[in-house]
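To start, the structure itself, in structure tokens.
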Amino acid sequence: MTEFPDTTTTSDPSHDAPGEHGDDAAGYYTPGEPIADTKAPGGPIDDRWSTRKFEARLVNPANRRKLSVIIVGTGLAGASAAATLGEAGYVVKSFCYQDSPRRAHSIAAQGGINAAKNYKEDGDSVHRLFYDTVKGGDYRSRESNVYRLAEVSVNIIDQCVAQGVPFAREYGGLLDNRSFGGVQVSRTFYARGQTGQQLLLGAYQALERQVAAGTVTTYTRHEMLEVIVVDGKARGIIARDMVTGEIETHLADVVVLASGGYGNVFYLSTNAMGCNVTASWRAHRKGAYMANPCYTQIHPTCIPVSGSHQSKLTLMSESLRNDGRIWVPKNQADCTKDPRDIPEEDRDYYLERIYPSFGNLVPRDIASRAAKNVCDEGRGVGPEVEGVRRGVYLDFSAAIARLGKEGIEEKYDNLFDMYERITGENPYEVPMRIYPAVHYVMGGLWVDYDLQSSIPGLFVTGEANFSDHGANRLGASALMQGLADGYFVLPHTIRDYLADGPFEKVADDHPAVVEAQQSVRSRIDHFLNNNGTRSVDSYHRELGNIMWEYCGMERTEDGLKKAIDLIRTLKDDFWRNVKVLGTNESLNQSLEKAGRVADFFELGELMCIDALNRRESCGGHFRAESQTEDGEALRHDETFAYVAAWEFAGDPESNGMGTPVLHKEDLVYTAIEMKQRSYK
Amino acid sequence: MVKGARSTRSTIALKMLMAVSGIIFILFVLLHMYGNLKAFAGHDAYNEYAEHLRTIGEPMLPHAGLLWVIRTVLVVSLVVHVWAAVTLWHRAGKARTVKYQVKKNAASSFSSRFMRWGGLTLLVFIVWHLLNFTIGKVNVSGGATNDPYNLLVDSFDVWWLTLIYLVAMAALGLHLHHGVWSSAQTLGLTNNAKARRNAKTLGWIVAVVIAGGFSLVPVFVLAGVISK
Amino acid sequence: MRLTLKIWRQPNAEAAGAMHTYEIDGVSEDMSFLEMLDVLNEDLIAKGEDPVAFDSDCREGICGMCGLMINGQAHGPEVTTTCQLHMRSFKDGDEIVIEPWRADAFPVMKDLVVDRGAFDRIIQAGGYISVNTGSAPEAHSVPVPRDDAMRAFNVATCIGCGACVAACPNGSASLFMGAKITHLGELPQGQPERDSRVVDMVAQHDHEGFGGCTNIGECTAACPKEIPLDVISRLNWDLHAAMRHGH
Ligand SMILES: Cc1cc2nc3c(=O)[nH]c(=O)nc-3n(C[C@H](O)[C@H](O)[C@H](O)COP(=O)(O)OP(=O)(O)OC[C@H]3O[C@@H](n4cnc5c(N)ncnc54)[C@H](O)[C@@H]3O)c2cc1C
Ligand code: HEM
Ligand code: HEM
Ligand code: SF4
Ligand code: F3S
Ligand code: FES
């Protein structure tokens, strides 16, 4: 990992409101028409979803068999949607790039899933979950979407329990809860440290049940490389069979993207190796707006980087912050000592010190930045990588004294094992070392209340869309969103669209199909015939370094402008000089990666432009120019309370990004009052 | 997808047949071993026992009636056991036609991996054994064959015959060591770690008792303790 | 450290394969096994040779995508997944033999990549609880004893990696199947379909060409999630019960 630049703060940052400096991103984009979500009904917030469900037109069961749905992605969002739409009787095709739907990246989620069940009777409610999520997102999410999310959260738990998801239980046989990152109620349901796995297996099994029933067909080891848009409507996709190399056309009445997040633009992240932006980016190039791409979540509890060979970072569940205490030595001189020899009074439990009421449980962005700050001060611990010790202690000795080793084992056994395997250190004896890493992206394709993108007939669910988390996601909310979208939201909203179907059949040789096919083929041909000198991975790593350095935990105007230049130069070099061996007609992992990295380049550039435009600090997006006197994030609601929805304006044929067009969707809060976040 | 699946047509059903027939064998060999040990009681007691076997149940059953019942059960079990073993062996062969260049065994006992060859050894042994003592009544020393006790002693006075028997008993011991726990597992009786440990212990006990018990007679004949 | 790697190379499913030998230097003990292979692949690409194809995705031991036979052991010498195996388990000068999972039900597609679709089809045969979205009762309406829930969870952690099949001398998938049967069979929600589930899954297992289990126990030793042999007993018990109920 490269060193993070020293950022200079302006003299009186709290007055450094945008406007005074003009538009940071001027010249990098074209202002466009404002947009709005036209689908959410008005009226009291708690009636909106039932109103929308009632108003959404029905499709009679006999007609459903004539309607076809393509779903790209089999994570929580995709698998749950495929299963539910299959049950309803639609003809569903489900795609994933792994060898089985069960391996989608959702499987890796550890901590848990939120739901407003209020089983603990500790003051939780739909409204409080809504409130916490909007506040957690730093008032940059759409309130009607978030309210709906909180509302259906309770159904998710019922559904999963009925499927046999083995959630943790209390002795009385009822479900257990824990409190999780940044909230003061216990509403997180969990299955030890493997909640995502168990939820995904539930959805996967429901999906496979529909495969057996004949309503869903799965296409594994298939990568979607293009959307087919006919007469302004999404009507299919081009997918490459990753084993035979065949470029296949799949047509349908509607297309759903549930293709997950793009954190891998940073190369090192906690995401799976294959996570990519290709599905979303191809849709973006065909007209789907990309919203808030710069909102990235950096997770505070990851295992620090050990060397340059590193291919990915491993997350230690956030739940560890419930029992572990985070500290660094007060004195730089102690940083190389055995932590057990550092006396209590020489330890700085900095989160507990700075944020006494939330302590170790402050939201992720705050915890991450605080860790960065103490390491930048030279008080980091662990091995020195490129001159800096990037690590802080996460100490369980107090918890072990309180709960006993068995108590800790029962809660975190697999995480402790994993830590030991990776670092060679036993966390029951020596405090863990952690450091922030890229983890989740709040940005994604723009969707309306129906989860429909700006291309009619193209729906986007799960992490791939932007809607529910604003500028920062609370822990245990992504799983909730994925399943809410797939089980309970999309199946209702999509029927309103399908009620107009079946649409006119698209011929295999329709110009739109041919064009999409050709675009895919010409990219593949380019890579294979390029005869360059550098491997795809080496470009990806370099791009990742740029992104982490300039568009990571802290962003500045100068840094972002520099990053854009660097990305453009590197991208040019990539297209001229990348080396991909082998053929298309076989399993070719370099070829797969080349396509993904090509799209990451364009996305990276847009992320920097978006970050440049947003001269405020909100949630995961921290602009050094916008902070309070004591270094906390400072929002500018009067200027930036909008969703930045970017329209692609490059030449679709070439690899140029062009000058993207910015459409603003104003965020209006009726059920909640915008406040500066404070966790002190 | 398989349509109209039946439990009875599965590999597991085959395994259950093996387990049941195997358990029948175990009961038989236990009894048989007990009978053999009568050799220590001397010529008359042993022959009386052999005769008794043939007269149980008379007059309800014809002469040697129970013996025939047992024989029938044994033959059926043997056919079933061997047929199932061969079928499973064949399936396993087809399940992995390309072998590993290097393959380590991390946890399995030698006995578990020797089941098939050991079973084959037992089959050959049984054929020879029946020729030796029941069907053919071969007396390699050339003595009389109509006196069970004498036939026994004559046979094991020959060192290589004793050796064959001891090898067979080793095979039997191994077969039982795995077979006992394995049949418990196949019948679904080892649903937790404790039950599994118990079944494995029982396997050791049965193996040692039966293989050891059977070996006593040939060894003691050869050693001259048991003699005509 | 410096290592000699013997790796199975096979261009595609139809082609014949063979072992190839590669030398690799500068491997650090903090690398994961797959990162070591990444380094090898960068070398190969630089030399213009086709990189070695192997599967991985999460690289944190949960997706089940990775899986190599390393020196004759599925996932290598530690009880973990290949992606979580670190080079500190090897030493300078070691020779490492790397092969794909071998089972006819898992055909090799390229080099070290195999097709485990058979596992999905076993799940399709009945590895689920039939409940349509929206028709679930309130989650607290059926309490589940904590021990049952824990046991269900412990075996539900199977990641479908296929190491059990790879390690089993019979090429049997009984551990994988038993884990799912036990997970669902342990919960009240799983009871209604218990008989048909086991019968259908076992039939599919056999149909896919996996071997029968003879209780050898290599599977559980190779399983990165330490699924115990109990699940096979449970599988047998459930099939037995289904038989008695006339399925
Ligand atoms: C380590 C980790 C821990 C986490 N822990 C938590 C937690 O405790 N709680 C929580 O709420 N959230 C957590 N999250 C976040 C959460 O897991 C994800 O945001 C969520 O699972 C995303 O689900 P999804 O269905 O949108 O996408 P994914 O699960 O990422 O699925 C994407 C799918 O799209 C397919 N796909 C992608 N591109 C293509 C293409 N081009 N062609 C074909 N198919 C494609 C993939 O094959 C895959 O099936 C965690 C995330 C990580 C990385
Ligand atoms: C005559 C004495 C024999 C006895 C007492 C005996 C006993 C058993 C038992 C108890 C089992 C375990 C069944 C299970 O796993 O569920 C078994 C398995 C087996 N037996 Fe035998 N058997 C005998 C003979 C044979 C013979 C003659 C063969 C010949 C081919 C044979 C081959 C096998 C095989 C292949 C197995 C399966 C291996 C396994 O389960 O691990 N056995 N036997
Ligand atoms: C050292 C060991 C053994 C000795 C000394 C021995 C001895 C004998 C004798 C003397 C008989 C004839 C009994 C009679 O006809 O009255 C006999 C029969 C038989 N033995 Fe053994 N036996 C031994 C081991 C075994 C083993 C291990 C098996 C099976 C695996 C076995 C299976 C049989 C069978 C099937 C018969 C035929 C019973 C009948 O149908 O009459 N024996 N044995
Ligand atoms: S049972 Fe274990 S070895 Fe087998 S697939 Fe599951 S996790 Fe892998
Ligand atoms: S190794 Fe194979 S034989 Fe059975 S116990 Fe495991 S599946
Ligand atoms: S890559 Fe996911 S388990 Fe190894």
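The sequence lines fix the lettering, A, B, ..., with proteins before strands; numbering per chain opens at 1.
- Using a 4.5 Å cut-off between heavy atoms, A:L201 contacts chain C through its side chain alone, with no backbone atom that close.
- In this structure, the portion of C:E49 lying under 4.5 Å from any heavy atom of chain A is its backbone and not its side chain.
- For A:Q197, the part sitting under 4.5 Å from any heavy atom of chain C is the side chain, from C-beta outward, and nothing else.
- With chain C as the partner, the residue from A:R421, A:R209, A:Q589 showing the most heavy-atom pairs under 4.5 Å is A:R209.
- In this structure, chain C has no heavy atom under 4.5 Å from any part of A:S106.
- Electrostatic pairing of C:R234 and C:E186 counts as a salt bridge here, judged by a charged N lying under 4.0 Å from a carboxylate O.
- The aromatic rings of A:F189 and A:Y119 stand perpendicular to each other, their planes meeting at an angle above 60°, with 30° marking the opposite boundary.
- Using a 4.5 Å cut-off between heavy atoms, C:E60 contacts chain A through both its backbone and its side chain.
- With respect to the salt-bridge test (charged N to carboxylate O, under 4.0 angstrom), the residues A:K120 and A:E170 qualify.
- A donor-acceptor contact closer than 3.5 angstrom links the side chains of C:T133 and A:E87.
- Residue contact with chain A, scored on non-hydrogen atoms closer than 4.5 Å, is absent for C:V155.
- Looking at A:Q110, only its side chain comes within 4.5 Å of chain C, counting heavy atoms on both sides.
- Between C:C223 and C:V79, the shortest heavy-atom contact is O-CG1, 3.6 Å.
- Counting heavy-atom pairs closer than 4.5 Å to chain C, the top-ranked of the candidates A:M418, A:R102, A:Q310, A:R534 is A:R102.
- Heavy-atom distances place no part of C:V27 under 4.5 Å from chain A, backbone and side chain included.
- With chain C as partner, the option from A:Q194, A:E208, A:H105, A:K117 having the largest number of non-hydrogen pairs under 4.5 angstrom is A:E208.
- Interface check for chain C: of the options A:A88, A:G86, A:S100, the most heavy-atom pairs under 4.5 Å are formed by A:S100.
- The shortest non-hydrogen separation linking A:I303 to A:L313 is O-CD2, 4.1 Å.
- A distance-only check finds a donor-acceptor pair linking the side chain of C:E193 to the backbone of C:S130 [under 3.5 Å].
- Here the closest heavy-atom approach between residue C:A16 and residue C:P11 is recorded as O-CD, 3.8 Å.
- Proximity to chain C among residues 483-492 of chain A is limited to A:Y487, A:F488, judged by heavy-atom separations below 4.5 angstrom.
- Not less than 6.0 angstrom separates the ring centroid of A:Y204 from the ring centroid of C:Y128.
- Looking at C:S28, the atoms closer than 4.5 Å to chain A (heavy atoms on both sides) all sit in the side chain, from C-beta outward.
- By the 4.0 Å N-to-carboxylate-O rule, C:D25 lies close enough to C:R2 to be salt-bridged with it.
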Show the atom names and distances, to 0.1 Å, of all donor-acceptor pairs under 3.5 Å that link a side chain in residues 142-150 of chain C to residues at least two apart or in another chain.
{"residue": "C:R146", "atom": "NE", "partner": "A:R169", "partner atom": "O", "Å": "3.0"}
{"residue": "C:R146", "atom": "NH1", "partner": "A:Y171", "partner atom": "OH", "Å": "3.1"}
{"residue": "C:R146", "atom": "NH2", "partner": "A:E410", "partner atom": "OE2", "Å": "2.6"}

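- Heavy atoms of A:Q98 lying under 4.5 Å from chain C belong to its backbone as well as its side chain.
- With chain C as partner, the option from A:G424, A:S80, A:S590 having the largest number of non-hydrogen pairs under 4.5 angstrom is A:G424.
- For a residue to count as touching a neighbouring chain, one of its non-hydrogen atoms must lie under 4.5 Å from one of that chain's; by this rule A:D99 touches chain C with backbone and side chain alike.
- Between chain C and the options A:S538, A:G582, A:A191, heavy-atom pairs under 4.5 Å are most frequent for A:A191.
- The part of A:R221 that comes within reach of chain C is its side chain, from C-beta onward, which places non-hydrogen atoms under 4.5 angstrom from that chain.
- With rounding to the nearest 0.5 angstrom, the OG atom of A:S535 is 11.5 Å from the NE2 atom of A:H540.
- Counting all heavy atoms, side chain and backbone alike, C:H140 lies closest to A:L174 at NE2-CB, 3.5 Å.
- Of the two parts of C:I159, the backbone and the side chain both hold a non-hydrogen atom closer than 4.5 Å to a non-hydrogen atom of chain A.
- With a 4.5 Å cut-off on side-chain heavy atoms, A:S586 and C:N12 do not count as touching.
- Qualifying side-chain hydrogen bond (donor to acceptor under 3.5 Å, both in side chains) partners for C:D38, counting only residues two or more places apart in sequence or in other chains: C:R59.
- Using a 4.5 Å cut-off on side-chain heavy atoms (C-beta onward), A:F167 and A:V161 make contact.
- Heavy-atom distances place both the backbone and the side chain of C:T157 under 4.5 Å from chain A.
- For a heavy-atom cut-off of 4.5 Å, chain A lies close to C:E42, C:I45, C:A46 in residues 39-46 of chain C.
- In this structure, A:K312 does not pair ionically with C:D57, as no charged nitrogen and carboxylate oxygen lie closer than 4.0 Å.
- Going from atom NE2 of C:H86 over to atom CD of C:E35 covers 6.0 Å, rounded to the nearest 0.5 Å.
- Using a 30° and 60° split on the angle between ring planes, C:F119 and C:F210 fall in the tilted class, from 30° to 60°.
- Taking a cutoff of 4.0 Å between a charged side-chain nitrogen and a carboxylate oxygen, C:D238 and C:R197 do not qualify as a salt bridge.
- Proximity to chain C (any heavy atom under 4.5 Å) is shown, for A:Q163, by both the backbone and the side chain.
- A:T314 touches chain C through backbone and side chain together, each having a heavy atom under 4.5 Å away.
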